[in-house]
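Input: a single structure, listed below in structure tokens.
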Number of protein chains: 2
Amino acid sequence: MRETSAAKACTGCADTDPALAFAQHDHSHCAQALLLRAEAVADAAGARLTPVRRRTLEILLEAHRALGAYEVLDRLAADGFGKQPPVAYRALEFLVEHGLAHRIRRLNAFAACMHPGEVHAPAFLICRLCGAVAEAPAGPLRAALDAKAAGLGFVVERANIEALGLCPACVGKASCT
Amino acid sequence: MRETSAAKACTGCADTDPALAFAQHDHSHCAQALLLRAEAVADAAGARLTPVRRRTLEILLEAHRALGAYEVLDRLAADGFGKQPPVAYRALEFLVEHGLAHRIRRLNAFAACMHPGEVHAPAFLICRLCGAVAEAPAGPLRAALDAKAAGLGFVVERANIEALGLCPACVGKASCT
DNA sequence: TTTTCTATGTTATAGCATAACCCGTCAAGA
DNA sequence: TCTTGACGGGTTATGCTATAACATAGAAAA
Ligand SMILES: [Zn+2]
Ligand SMILES: [Zn+2]
Ligand SMILES: [Zn+2]
Ligand SMILES: [Zn+2]
């Protein structure tokens, strides 16, 4: 599952260039960078990126896609960590709370954050054919949502924006259905 | 759970006036209207609003909040329909597919649509204290999302926009935490 | 050191969702 | 009329997702 076949270098997985979100690229490269940034983020928050938590993030980064909690759990168990659901759920919860990963509710799955440390309101683009998930910045979108809600007297604390559709690679295949 | 205590009349539950979304009002009134419109919608689509399906929609309308599939199932069973999960899931799936209800993924629950028949891209505002759910029109939001996605070569087919926060009634209570 | 809090592991259970099968109804076509 | 096939709705059984509650070990604070 590891994407070591580098097709294109990147500077942090669609970080500086969102167009790379769906492009083939050397992911081990940005995984490395993201892991370093994650450590900095955790440190700054006074939180501890313990072995399980760190390994959980690595697993998400290596997969380069959204993983179910039980998929994560299997991999953790294979690495000598606990074999029971709470082990995975707790680590994932930690990552989500600290903005190092995101929960994709539509998929009942989790994905590593591509912009850790930055204040960001992500929107997720989920391909219904290949399962690829891209994290797109949605700042303006979020602002519009907040404004809309404010008009109803509602205060938004968190928001999930998830789009299901076809990624660039799959949009061709689907048309010949 | 039925809200028969009319505090305010309405013309269709936040239909013409979205500000009613979180306001107390005579809900039996709009439930009636929505049910009629649902029949028209189903009819126009050549779909059959059978007894189970119709009763399922009624249940959602009466509850006036998001219900889990098993909550719906219990009520269906009490009315003499099937007692097994697929009964509820099938009816709910039908309603969702025909735009008569929406699935709220954040809550693993379903809510009656407040705008059946209209082309609409709903955003849901979920109060984390009282559980109230409002369906707000999100046309512009959706358009922005589509545009953003198009920039990445992604084609959006469906989108979920769900905000968690505090409704007008609860925003006061929470501040004294 | 002793205490305290956090983290990680466990077992058990709760909650959500679907697969697969059977049968009754109804309408189109032989 | 009889047959056939689509559809709806009921069942049993199972799988997937998530959390509660408890025990232990280790880091941090006193
Ligand atoms: Zn992110
Ligand atoms: Zn794809
Ligand atoms: Zn709606
Ligand atoms: Zn509330």
Side-chain angles (χ1 to χ4, degrees), chain A residues 38-39 42-43 45-60 66-98 100-111 128 131 160 162 164, chain B residues 39 42-43 45-60 66-98 100-111 126 128 131 160 162 164:
Chain A
E39 283 177 359
D43 204 54
R48 298 189 306 168
L49 194 60
T50 61
V52 222
R53 293 168 175 172
R54 184 193 163 90
R55 183 67 196 126
T56 300
L57 181 54
E58 284 177 6
I59 287 169
L60 291 180
L67 293 182
Y70 281 69
E71 288 182 279
V72 171
L73 179 58
D74 287 345
R75 289 163 162 79
L76 284 175
D79 291 346
F81 294 100
K83 301 172 165 47
Q84 307 304 323
V87 172
Y89 279 101
R90 281 195 289 238
L92 289 167
E93 183 186 16
F94 172 88
L95 295 176
V96 169
E97 272 181 359
H98 289 80
L100 302 176
H102 295 288
R103 185 169 196 161
I104 320 281
R105 306 207 88 102
R106 180 133 210 158
L107 303 175
N108 291 323
F110 300 81
R128 69 170 161 83
N160 292 84
E162 301 175 3
L164 192 70
Chain B
E39 282 178 358
D43 204 54
R48 297 189 306 165
L49 193 62
T50 61
V52 220
R53 292 167 176 173
R54 184 192 162 90
R55 183 66 195 126
T56 300
L57 181 55
E58 284 177 5
I59 287 169
L60 291 181
L67 292 182
Y70 281 68
E71 288 182 278
V72 171
L73 179 58
D74 286 345
R75 289 163 162 79
L76 283 175
D79 291 345
F81 294 101
K83 302 171 164 46
Q84 306 305 323
V87 173
Y89 279 101
R90 281 197 286 238
L92 289 166
E93 184 186 17
F94 173 89
L95 295 177
V96 169
E97 272 181 359
H98 289 81
L100 302 177
H102 296 289
R103 185 169 196 161
I104 319 283
R105 305 207 90 100
R106 179 133 210 158
L107 302 175
N108 291 324
F110 300 81
I126 307 163
R128 67 170 161 84
N160 292 83
E162 301 175 3
L164 192 70

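Residue numbers start from 1 in every chain, and the chains themselves are labelled A, B, ... in the order their sequence lines are given, proteins ahead of strands. Here the structure is a predicted model, which means the values were calculated and not measured.
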B:A88 versus B:V72, closest heavy-atom pair with distance: CB-CG1, 4.4 Å

For chain A, the stretch of DNA chain C it reaches, first to last nucleotide, under 4.0 Å of its heavy atoms: C:dA7 to C:dT11

Atom CZ of A:R103 and atom CD of A:E162: how far apart are they, to the nearest 0.5 Å? 10.5 Å

Send over the distance from B:D79 CG to D:dG10 C1', rounded to a whole Å. 16 Å

Look up atom CG in B:L67 and atom OG1 in B:T56, then write down how far apart they are to the nearest 0.5 Å. 10.5 Å

Name every residue in residues 81-90 of chain A that has at least one heavy atom under 4.0 Å from any atom of DNA chain C, in order of residue number, or write none if there are no such residues. A:F81, A:G82, A:K83, A:Q84, A:P86, A:V87, A:R90

Can you name the side chain to side chain donor-acceptor pair (under 3.5 Å) partners of B:E71, sequence neighbours left out? B:R65

Contact list please: residues 66-74 of chain A against DNA chain D, heavy atoms, distance less than 4.0 Å, in numerical order. A:Y70

N/O-N/O pairs, protein side and nucleotides 27-30 of chain D side, under 3.5 Å:
from	atom 1	to	atom 2	distance (Å)
D:dA27	O3'	A:R48	NH1	3.3

Presence of B:R55 side-chain N/O under 4.0 Å of D:dG9 phosphate oxygens OP1/OP2: no

Residue pairs meeting side chain to side chain donor-acceptor pair (under 3.5 Å), one or both in residues 79-92 of chain B, sequence neighbours left out, come to B:R55-B:D79

Testing the basics here: between B:L60 and B:A101, what is the closest heavy-atom pair and its distance to 0.1 Å? CD1-CB, 3.9 Å

Hey, which sits more toward the 5' end of DNA chain D by its nearest nucleotide, A:F110 or B:P51? B:P51

Sequence-distant partners of A:N160, side chain to side chain donor-acceptor pair (under 3.5 Å), two or more places apart: B:R106

Within this structure, what is the CG-to-P distance between A:L107 and D:dC16, rounded to whole angstrom? 16 Å

Which residues share a side-chain contact (heavy atoms from CB on, under 4.5 Å) with B:A66, sequence neighbours left out: B:I104, B:L107, B:A109, B:A111, B:V133

Nearest-0.5 Å distance that lies between atom CZ in B:F110 and atom CG in B:L95: 9.5 Å

Listed by chain and number, what are the side-chain contact (heavy atoms from CB on, under 4.5 Å) partners of B:V87, not counting sequence neighbours? B:V52, B:L73, B:L76

All ring-ring contact (aromatic ring centres under 6.0 Å, His included) counterparts of A:F94, not counting sequence neighbours: A:H98

Tell me the interatomic distance from B:R53, atom CZ, to D:dC7, atom P, rounded to whole angstroms. 11 Å

Terminal axes of the helix from C:dT1-D:dA30 to C:dA30-D:dT1 (five pairs each): angle between them, nearest 10 degrees: 20°

Does A:R105 reach a base, just sugar-phosphate, or nothing at all? Heavy atoms under 4.0 Å. nothing

Taking every heavy atom of B:R48 against every heavy atom of B:R53, the minimum-distance pair comes out as O-NH1, 2.8 Å

